[in-house]
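As structure tokens, the structure follows; a few thoughts come after it.
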Number of protein chains: 2
Amino acid sequence: MKEISIQVIKRLPRYYRFLSDLESQGIEKISSTKLAAVMSSTASQVRQDLNCFGGFGQQGYGYTVSNLKSEIGKILGLQNVHPAVLLGAGNLGRAIATHMNFESLGFKLKAIFEKDTKIIGTYLRGIKVLSDEDIEAFFAENEADTAFLTLPKDSVEPLIDRLYALGVRNFWNFSHFDIAKKYPDTVVENVHMTDSLMTLCYRINDKEKQPDDANS
Amino acid sequence: MKEISIQVIKRLPRYYRFLSDLESQGIEKISSTKLAAVMSSTASQVRQDLNCFGGFGQQGYGYTVSNLKSEIGKILGLQNVHPAVLLGAGNLGRAIATHMNFESLGFKLKAIFEKDTKIIGTYLRGIKVLSDEDIEAFFAENEADTAFLTLPKDSVEPLIDRLYALGVRNFWNFSHFDIAKKYPDTVVENVHMTDSLMTLCYRINDKEKQPDDANS
DNA sequence: TGTATAATGTTATAAATATAACAAAAGAAA
DNA sequence: TTTCTTTTGTTATATTTATAACATTATACA
């Protein structure tokens with residue numbers, strides 16, 4: 001069994017989203033060519049990506065939207081219910097807690113921890129925000145394999161140490177602390193907004209430098 | 001002048017962050033080998049990346065941290081002041097508005113627009129939240145080339161149309177609407193949190209499937 | 001029932017990216 | 001001053017990734 005490249009994996013959520021759109025539009029079948037068009041990709045790449053996991057289409061017909069969506073969902077493991085805790089109930093933490101539909105993304109939010117006493121005790125999505133100090137008490141009676149970290153870099157390392165000691169190995173990390181370097185046996189997905197904004201800045205300048213590349 | 005690949009560009013913010021850390025630790029010089037270690041990269045890649053833009057090091061010595069940081073800052077264009085508007089002052093918009101240090105990232109937040117009348121009129125970082133309806137009035141007296149979109153997908157398309165009509169060409173987009181497909185002459189940097197979380201889900205499952213790859 | 005068409009699955013090629021190798025240059029020490 | 005060490009800048013190679021080509025298979029229609 002050949003290793004699936006990270007580039008393919010990162011495209012799977014986009015396939016899944018587009019297929020969800022198509023499904024809600026009532027479209028029943030789709031060809032690799034049309035799927036490539038919505039993905040801004042090529043038919044070849046679509047077929048190669050999908051065939052990493054199996055032959056989901058039918059020659060001469062194409063792919064059944066609902067079936068392909070469901071298969072990609074299975075590949076991503078969205079039917080899972082990874083119990084997770086959220087560290088940080090500031091604006092970002094609250095945005096994550098209220099907006100993300102964890103149940104359809106393979107996770108279940110079990111607890112929220114926060115340092116700020118003004119926020120502790122409030123409710124988010126029916127979950128009471130607990131104090132940072134209660135983490136160990138929570139894990140004594142509950143399980144969680146995943147943590148979502150929406151905290152500034154400086155305060156995050158001791159918390160990661162504690163979570164790691166409690167068995168948490170999966171991290172959705174919005175901080176700049178390099179978890180994977182300290183704990184190589186973890187799975188870490190980073191969301192670095194400042195990096196993203198710097199990249200935007202570069203690309204704006206780059207475009208302005210080459211104002212007219214229609215004829216390149 | 002050869003085209004710089006997007007992979008190189010996406011590494012620049014990380015170099016910049018690590019160099020900032022080194023600088024604040026009082027470290028004055030760094031070799032490509034050591035920089036590669038903190039980047040979890042290779043010395044070859046570090047040198048090739050940097051040499052896309054010029055020879056910033058000295059043979060036999062290495063790179064001067066402050067100089068290299070400053071050069072990468074210039075490459076990224078962080079000294080710019082792109083005037084920007086924020087669309088959406090929900091939890092995510094507030095998180096962005098309060099946490100991001102736009103001034104050191106090449107942007108200047110000029111205005112915030114929101115639909116929810118309960119939020120309109122409140123202040124974020126000293127900026128009064130205005131109504132969506134006031135966008136055109138604002139642009140009549142102010143300029144902005146960039147928009148940060150922290151809104152759900154369904155409400156975003158008409159707003160993008162209006163912003164595009166007003167001359168906005170750069171988008172930091174947290175929604176799932178595909179701006180670049182509709183307006184190919186824009187620069188769009190997407191932050192797709194649900195995609196990121198799905199990727200995490202896949203990688204957790206993948207790791208659990210292959211529990212022991214220490215001997216691979 | 002047979003043939004034409006459409007579109008996949010798969011193999012082969014091209015392009016892009018990362019790694020390795022090495023020569024050149026600067027600084028340190030003898 | 002000369003040599004040795006360090007480490008860059010750059011060229012060459014290997015690997016990975018994306019694209020293109022093609023043979024196969026299912027469906028639709030005559």
Side-chain angles (χ1 to χ4, degrees), chain A residues 1-15 18-19 22 27-72 75 199 202-203 206 213 216, chain B residues 1-15 18-19 22 27-72 75 199 202 206 216:
Chain A
M1 184 168 145
K2 64 206 163 205
E3 184 86 16
I4 310 290
S5 83
I6 188 69
Q7 343 260 42
V8 174
I9 294 160
K10 283 196 180 290
R11 280 192 291 268
L12 293 180
R14 295 187 61 221
Y15 288 117
F18 282 119
L19 288 164
L22 293 169
I27 294 165
E28 287 181 2
K29 76 158 200 171
I30 184 97
S31 68
S32 58
T33 307
K34 284 182 188 166
L35 196 48
V38 288
M39 288 281 292
S40 304
S41 175
T42 65
S44 264
Q45 186 166 75
V46 170
R47 292 204 299 275
Q48 273 220 350
D49 284 353
L50 298 178
N51 287 337
C52 289
F53 304 99
F56 303 124
Q58 285 213 310
Q59 291 177 329
Y61 176 83
Y63 301 89
T64 305
V65 170
S66 62
N67 174 253
L68 187 56
K69 182 199 161 194
S70 139
E71 289 293 340
I72 293 176
I75 293 163
T199 304
Y202 175 91
R203 291 173 56 209
D206 192 51
D213 59 10
S216 75
Chain B
M1 183 168 144
K2 65 208 162 200
E3 184 86 16
I4 311 290
S5 83
I6 188 68
Q7 343 259 41
V8 174
I9 294 160
K10 285 195 179 288
R11 280 192 292 268
L12 293 179
R14 295 188 60 220
Y15 288 117
F18 282 120
L19 288 164
L22 293 168
I27 295 165
E28 287 180 3
K29 76 158 198 171
I30 185 97
S31 68
S32 58
T33 309
K34 283 182 189 166
L35 197 48
V38 288
M39 288 282 291
S40 305
S41 175
T42 65
S44 263
Q45 185 166 76
V46 170
R47 293 203 298 276
Q48 273 220 350
D49 283 353
L50 299 178
N51 287 337
C52 288
F53 305 98
F56 304 125
Q58 284 214 310
Q59 290 176 330
Y61 176 82
Y63 301 88
T64 305
V65 170
S66 62
N67 175 253
L68 187 56
K69 182 199 161 193
S70 139
E71 289 293 341
I72 293 176
I75 294 162
T199 304
Y202 175 92
D206 192 51
S216 75

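A, B, ... follow the sequence lines: proteins, then strands. Residue 1 opens every chain. All values below were derived from every heavy atom in this structure, side-chain atoms included, with hydrogens, water molecules and symmetry-related copies excluded.
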Ignoring hydrogens and angles, write down the donor-acceptor pairs under 3.5 Å from the side chains of residues 54-67 of chain B, residues two or more places apart or on other chains.
none

field: Atom-to-atom span, CD1 of B:I9 to P of C:dT17 - whole angstrom
entry: 10 Å
task: Could you check how far CD of A:E3 sits from C1' of D:dT17, rounded to whole Å?
output: 14 Å
query: Taking atom P of C:dA16 as reference, at what distance in whole Å does atom CD of A:Q45 sit?
result: 14 Å
Working for side chain to side chain contact (heavy atoms under 4.5 Å, CB included), residues B:I9 and A:D206: CA-CA 11 Å; B:I9 294 160; A:D206 192 51; 5.7 Å; no
All N/O donor-acceptor pairs, side-chain side in residues 30-44 of chain A, below 3.5 Å, sequence neighbours left out:
from  : atom 1 : to    : atom 2 : distance (Å)
A:S31 : OG     : A:K34 : N      : 3.2
A:S32 : OG     : A:R47 : NH1    : 3.0
A:S41 : OG     : A:Q45 : OE1    : 2.9
A:T42 : OG1    : A:Q45 : N      : 3.2

task: Grab the CG-P distance between A:N67 and C:dT8 for me, whole Å please.
output: 14 Å
- prompt: Between B:I75 and B:Y15, does a side chain to side chain contact (heavy atoms under 4.5 Å, CB included) hold up when you go through it step by step?
  reply: CA-CA 12 Å; B:I75 294 162; B:Y15 288 117; over 6 Å; no
field: B:I4 CD1 - C:dT17 C1' separation (whole Å)
entry: 13 Å
Step-by-step side chain to side chain contact (heavy atoms under 4.5 Å, CB included) determination, B:D49 to B:L12: CA-CA 8 Å; B:D49 283 353; B:L12 293 179; 5.7 Å; no
- prompt: Can a side chain N or O of A:S5 be found less than 4.0 Å away from OP1 or OP2 on D:dT16?
  reply: no
- request: Given side chain to side chain contact (heavy atoms under 4.5 Å, CB included), test B:V8 with B:Q48 step by step and report yes or no.
  value: CA-CA 9 Å; B:V8 174; B:Q48 273 220 350; over 6 Å; no
message: Output the rounded distance in Å from CD (B:Q7) to P (D:dT15).
response: 19 Å
With the criterion being N/O to N/O and under 3.5 Å, what pairs connect the protein with nucleotides 7-11 of chain D, and how long is each?
from   : atom 1 : to    : atom 2 : distance (Å)
D:dT7  : O4'    : B:G60 : N      : 3.3
D:dT7  : O2     : B:G60 : N      : 3.2
D:dT8  : OP1    : B:S32 : N      : 2.6
D:dT8  : OP2    : B:S32 : OG     : 2.5
D:dT8  : O2     : B:Q59 : NE2    : 2.6
D:dG9  : OP1    : B:F56 : N      : 3.3
D:dG9  : OP1    : B:G57 : N      : 3.0
D:dG9  : OP1    : B:G57 : O      : 3.3
D:dG9  : OP2    : B:N51 : OD1    : 3.1
D:dG9  : OP2    : B:Y63 : OH     : 2.9
D:dG9  : N7     : B:R47 : NE     : 3.0
D:dG9  : O6     : B:R47 : NE     : 3.4
D:dG9  : O6     : B:R47 : NH2    : 2.9
D:dT11 : O4     : B:Q48 : NE2    : 2.8

